[in-house]
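First, the structure itself, so that you have it in front of you.
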Number of protein chains: 2
Amino acid sequence: MEAKLPSFDSVFSIDCVIFGFEAGELKILLIERNEEPFKDWLALPGYIVEQDESIDDAAERILYELTGLRDLHMQQFHTFGEVNRHPQGRVITVAYYALIRINGQKELRPITQYARKAFWHPVNELPKLAFDHSEIFKTAFNKIRRRLNYQPIAFELLPEKFTLTQLQSLYEAVENKKLDKRNFRKKMLSYGFLKELDEKQKGVSYRAAKLYKFDRRKYAKIFHNDMNMDK
Amino acid sequence: MEAKLPSFDSVFSIDCVIFGFEAGELKILLIERNEEPFKDWLALPGYIVEQDESIDDAAERILYELTGLRDLHMQQFHTFGEVNRHPQGRVITVAYYALIRINGQKELRPITQYARKAFWHPVNELPKLAFDHSEIFKTAFNKIRRRLNYQPIAFELLPEKFTLTQLQSLYEAVENKKLDKRNFRKKMLSYGFLKELDEKQKGVSYRAAKLYKFDRRKYAKIFHNDMNMDK
DNA sequence: TTTAATGGTGTAATTTTCACACACTATCTT
DNA sequence: AAGATAGTGTGTGAAAATTACACCATTAAA
């Protein structure tokens with residue numbers, strides 16, 4: 001290979017905005033940094049891309065190293081390239097998001113020393129984050145807020161078996177407004193991609209709700225072209 | 001500034017997908033390359049980002065140098081980071097799109113030697129392009145096709161004063177299907193952001209159509225989200 | 001058995017979408 | 001000046017989707 005390309009001290013990085021839903025609240029995954037710059041600050045999980053890995057691969061690796069999480073389906077959403085966004089030099093960062101089930105028991109455990117810990121934090125009361133991560137988060141949140149209405153992303157945040165009320169409260173959390181219960185149910189069920197199970201909720205001290213499951217096959221059949229849920 | 005960042009031979013580039021609309025056809029701007037690799041191939045206008053410019057600034061500069069076009073409102077839409085997308089080394093490219101009025105007379109004239117010429121080409125019969133530019137184009141086209149239905153991007157492609165038939169034929173070109181004239185007009189006018197002018201079309205050999213203008217103020221008032229095309 | 005908490009259900013009014021056909025007008029041709 | 005040509009401009013009814021709205025049912029705990 002000829003070395004015709006210029007050689008700059010330029011660096012690519014990846015930052016991840018990982019959304020989860022727990023106790024009726026939307027949360028994101030943060031780390032506590034253990035290195036300069038911004039040592040001790042809270043930040044999005046993020047690090048530098050190696051030369052011989054694609055950015056998609058890098059995103060997976062970096063998230064794993066900082067949080068112990070693996071095999072999520074991450075999605076690139078924006079690239080941030082202001083000259084001074086990193087105090088130590090030119091770093092362009094490609095930002096990814098993913099939506100996952102928190103599940104209470106999934107252990108978060110940084111593999112590298114670069115992060116001291118990783119934990120879930122509600123999106124409503126986020127502190128100031130390192131670098132331009134607050135802006136990155138805002139962009140991500142706007143993206144998923146829109147996407148919720150035409151892509152089946154809600155089901156990635158809920159347990160595999162969920163009640164209609166849980167589904168509704170997720171929509172309410174993301175859109176930040178109350179929805180009408182009857183209309184919400186009617187509409188969701190009318191799509192035809194929710195499979196009613198024979199099971200009921202357990203361990204609640206009130207009437208147990210039916211459990212449902214998202215049926216990916218039916219969904220794909222119904223919206224076979226692009227994943228268009230609206231209109 | 002401490003030099004803590006690793007020093008890789010990694011390069012950022014920008015590629016631009018510039019859409020225009022002329023004679024009922026959707027077109028994009030291509031260049032003929034004058035340098036290896038892919039010398040003599042057709043490609044999207046694109047080049048390498050300098051160290052001291054933001055990626056948005058770089059996009060403007062690069063488009064200007066390769067095509068002579070300036071001051072378009074470009075929008076980042078995806079970053080391509082496969083390891084081997086560039087035969088000479090690691091190059092991650094941030095892709096932008098813009099929609100502009102072709103206007104027949106806008107001169108296209110590369111400033112650098114890097115492109116031999118720049119010209120409009122219909123999107124329907126695109127040849128194979130250099131690098132992964134065919135894929136980049138496809139991604140861009142899908143983006144604007146969706147966006148057309150919830151953002152006022154059509155008006156950037158039309159002359160300032162246009163007829164409803166022109167507007168309709170643009171929608172038909174992008175969505176690739178015929179629309180009903182009466183319903184289309186009724187719907188467009190019902191939004192309330194088209195301003196009917198006192199002028200008529202000129203120089204046509206049939207009944208002249210009324211001209212309309214897109215009223216940005218009214219649009220902003222009605223859909224009080226900001227007018228920018230991302231999110 | 002009562003209470004507290006949430007689950008589950010239907011109908012009517014309104015709005016939006018869609019399908020559909022013909023007369024009008026400006027220009028060009030002969 | 002008469003006719004041909006080509007695109008402009010308009011309304012209605014049917015069907016579908018959206019909204020507003022209130023009460024009884026079930027479970028567990030007190």
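Just so it is clear: chains get the letters A, B, ... in the order the sequence lines come, proteins before strands, and each one is counted from 1.
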Practice prompt. Evaluate the ring planes of B:F137 and B:F141, with Trp represented by its six-membered ring, and classify them as parallel (under 30°), tilted (30 to 60°) or perpendicular (over 60°).
Written response: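 The rings of B:F137 and B:F141 lie parallel, inter-plane angle below 30°.
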
Worksheet item: Can you tell me if A:R185 and A:T165 form a side-chain donor-acceptor pair at under 3.5 Å?
Response: yes

Worksheet item: What's the NZ-P distance between A:K210 and D:dT26, to the nearest Å?
Response: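 Answer to the nearest Å: 12 Å.
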
Worksheet item: Is a side-chain donor or acceptor of A:R101 paired with a backbone partner of A:F155 at a separation under 3.5 angstrom?
Response: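 Yes: the side chain of A:R101 pairs with the backbone of A:F155.
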
Discussion item. Which label fits B:F19 and B:Y97: parallel for a plane angle under 30°, tilted from 30 to 60°, or perpendicular past 60°?
Written reply: perpendicular

Discussion item. Just so I know, are the side chains of B:L211 and B:F162 near enough to count as touching, which here means a heavy-atom distance under 4.5 Å?
Written reply: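 B:L211 does not reach B:F162 side chain to side chain.
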
Worksheet entry | Test salt bridge (charged side-chain N to carboxylate O under 4.0 Å, His left out) applied to A:E196 and A:K210, step by step | CA-CA 7 Å; A:E196 184 180 329; A:K210 270 185 222 152; 3.3 Å; yes

Worksheet item: When the distance from CE of B:M188 to P of C:dT17 is rounded to whole Å, what number comes out?
Response: 12 Å

Worksheet item: When the distance from CG of B:L189 to P of D:dT10 is rounded to whole Å, what number comes out?
Response: 9 Å

Discussion item. Does either side chain, that of B:Y171 or that of B:N149, offer a donor lying less than 3.5 Å from an acceptor on the other one?
Written reply: no

Discussion item. With the threshold set at under 4.0 Å for non-hydrogen atoms, list the residues of residues 164-183 of chain B touching DNA chain C in residue-number order.
Written reply: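 Correct list: B:D180, B:R182, B:N183.
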
Worksheet item: What is the ring orientation for B:Y191 with B:F193, classed by angle as parallel under 30°, tilted 30 to 60°, or perpendicular over 60°?
Response: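 Parallel, since the angle between the ring planes stays under 30°.
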
Item to complete: Provide, to the nearest angstrom, the distance between the CD atom belonging to A:E199 and the C1' atom belonging to D:dT27.
Response: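 Result: 18 Å.
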
Tabulate protein N/O versus nucleotide N/O from nucleotides 24-30 of chain C, keeping only pairs under 3.5 Å, one per line.
unit_1: C:dC24; atom_1: O2; unit_2: B:R207; atom_2: NH1; d: 2.9

Fill in: Residue met sooner reading DNA chain C from 5', once A:K186 and A:Q201 are mapped to nucleotides
A:Q201

